[in-house]
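A short write-up of the structure that comes next.
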There are 2 protein chains.
Amino acid sequence: MAKRGAALDMAVLGLLHEAPMHGYELRKRVNALLGWGRVLSYGTLYPCLKQLLRNGLIAPDTTQTLSGSPGGITGRRARIVYKLTAEGKEHFAQLLAQSGPSSWDDDTFDVHFAFFARTDAQTRVRILEGRRNRLEERLEGVRVALARTRERVDKYTLALQQHGLESVEREVRWLNELIDTERSGAGHDAVAPPRSRPRRSQRRQHPIK
Amino acid sequence: MAKRGAALDMAVLGLLHEAPMHGYELRKRVNALLGWGRVLSYGTLYPCLKQLLRNGLIAPDTTQTLSGSPGGITGRRARIVYKLTAEGKEHFAQLLAQSGPSSWDDDTFDVHFAFFARTDAQTRVRILEGRRNRLEERLEGVRVALARTRERVDKYTLALQQHGLESVEREVRWLNELIDTERSGAGHDAVAPPRSRPRRSQRRQHPIK
DNA sequence: GCCACGATGTATCGTTACGATACATCGCTC
DNA sequence: GAGCGATGTATCGTAACGATACATCGTGGC
């Protein structure tokens with residue numbers, strides 16, 4: 001169950017793992033994390049939060065300190081802060097450890113990668129290699145197709161396909177570098193210490209194509 | 001009206017402009033054209049065709065020669081071949097000439113670019129520059145955000161964002177080269193002669209991120 | 001001969017994600 | 001003290017998609 005939106009689930013869980021947060025902040029952090037283009041809609045986020053609530057993976061956090069607020073105890077306006085439950089932490093750890101096609105697909109890979117700092121080195125390499133292999137499969141197919149059509153398409157179509165090809169080739173090289181680094185610096189810091197506190201930021205998503 | 005799916009509409013119209021085609025073939029051609037990842041579903045294509053039919057932009061083509069079929073007149077199995085109507089051609093030309101935000105957005109740009117061979121030089125430059133400017137706006141925002149968070153995120157998040165940044169920078173350079181070419185080779189072949197006949201091919205779509 | 005299987009082909013249904021939107025409060029500036 | 005942009009929660013209509021069903025063709029194996 002809950003096959004769809006697994007990437008979003010993981011992103012939310014991972015961010016709440018760092019610190020409790022409310023929906024609005026969560027949206028910004030998710031956009032910053034895997035942003036560059038498609039912006040996460042509330043129509044996607046809130047239903048997701050509801051489902052996670054139902055499944056008991058997250059829960060409202062009633063103990064909110066309102067730190068930084070000048071007036072002291074002055075009530076901020078109504079907001080719902082969520083925090084991870086024990087089940088949520090367990091489920092997230094489970095998501096982190098799993099490496100399969102679900103970690104290599106386009107949307108999902110980014111989320112997995114974003115939480116590499118909490119992933120063990122073995123899984124990291126497996127995910128990176130899976131991703132690279134998948135891209136290379138595609139490259140092979142595209143190269144064949146390109147060779148077959150090369151002389152029959154106009155120069156713009158050709159340029160577009162060529163540019164796409166080079167983009168993927170570039171990503172493969174990037175992955176290879178990461179894999180090498182991972183292998184050579186074997187067994188270094190698997191988990192980074194959490195930063196002081198979440199901050200806001202904004203980015204846009206890049207589609208490249 | 002018909003704001004959504006404008007990219008798909010344009011792709012279908014443009015492909016049918018080259019040669020009449022049936023749905024199955026159309027799907028393959030569209031995937032090859034702006035493929036690399038997301039695959040066009042029949043659940044998307046057929047409703048689109050229906051709407052274009054309703055709007056009178058395409059029509060069933062009853063005069064099908066079945067060339068290449070060995071048995072001569074032997075009937076191929078049932079299939080619906082679509083062709084552009086006069087209104088369709090006019091509408092397509094209109095889509096080609098328009099350059100605005102709708103030509104710069106992620107999905108739409110590819111389609112516009114794919115039909116550059118039928119677009120006049122002036123519009124080509126306007127679209128390319130619009131696209132580049134949009135990407136540079138994003139870049140600026142991302143660079144600021146990156147500078148603000150640089151020291152507070154783990155190296156994997158940083159690597160991911162860095163790679164995304166470089167991908168977009170690379171695309172900007174690509175666009176600049178195209179613009180230069182367009183300006184220097186001013187007024188060259190605006191329209192390429194159509195190729196003999198459509199052929200099949202298959203590719204996947206690349207998302208890069 | 002015929003049967004299995006993959007490619008070709010059209011079509012719809014249920015779910016999901018998302019854009020648009022509504023509504024409310026806060027804090028700022030003019 | 002009014003206007004306005006940021007902060008916040010929430011839902012609704014619909015376009016897009018994955019899955020699936022169904023049918024025919026070509027072919028290769030037995």
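Scope of the values below: all heavy atoms of this structure, side chains included, with no hydrogens, waters or symmetry mates. Letters A, B, ... are given to chains in the order of the sequence lines, protein chains preceding strands, and every chain is numbered from 1. For clarity, every value in this text was computed on a predicted model and none was experimentally measured.
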Looking only at heavy atoms, the pair that brings A:Leu15 and A:Met21 closest together is O-CE, 3.4 Å
| request: Tell me whether the OP1 or OP2 atom of C:dT12 has a side-chain N or O from B:Lys50 closer than 4.0 Å. | output: yes
Rounded to the nearest 0.5 angstrom, the NZ-CG distance for A:Lys50 and A:Asn55 is 14.0 Å
From CD of A:Glu25 across to C1' of D:dG8 the rounded distance in Å is 12 Å
When rounded to whole Å, the CD1 to C1' distance for the pair A:Ile80 and D:dG8 reads 9 Å
Rounded to whole Å, the OH-P distance (B:Tyr82 to C:dG9) equals 13 Å
When A:Gly43 and B:Tyr46 are each assigned the nearest nucleotide of DNA chain C, the 5'-most assignment goes to B:Tyr46
Per atom distances to the A:Leu40 side chain, the nearest of D:dA6, D:dC17, C:dC18 is C:dC18
| task | Could you tell me whether the phosphate oxygens of D:dC17, OP1 or OP2, come under 4.0 Å of any side-chain nitrogen or oxygen in B:Thr44? | result | yes
By nearest-heavy-atom nucleotide on DNA chain C, the more 5' of B:Ser41 and B:His22 is B:His22
*Checking A:Asp105 side chain against A:Thr108 main chain: does a donor-acceptor pair fall under 3.5 Å?*
no
Atom CG of B:Asp107 and atom C1' of C:dA17 are separated, to the nearest Å, by 14 Å
Quiz item: Does C:dA11 have OP1 or OP2 sitting under 4.0 Å from an N or O in the side chain of B:Tyr42?
Solution: no
ask   = Judged by modelled atom types alone, do B:Tyr156 and A:Arg124 share a side-chain donor-acceptor pair under 3.5 Å?
value = yes
Here the distance between atom P of C:dG19 and atom CG of A:Asn31, to the nearest Å, is 11 Å
When rounded to whole Å, the CZ to P distance for the pair A:Arg27 and D:dT7 reads 11 Å
NZ/NE/NH1/NH2 to OD/OE distance under 4.0 Å, B:Arg143 and B:Glu140: yes
From CD of A:Gln51 across to P of C:dT15 the rounded distance in Å is 14 Å
B:Arg79 CZ to C:dT10 C1', in whole Å, measures 12 Å
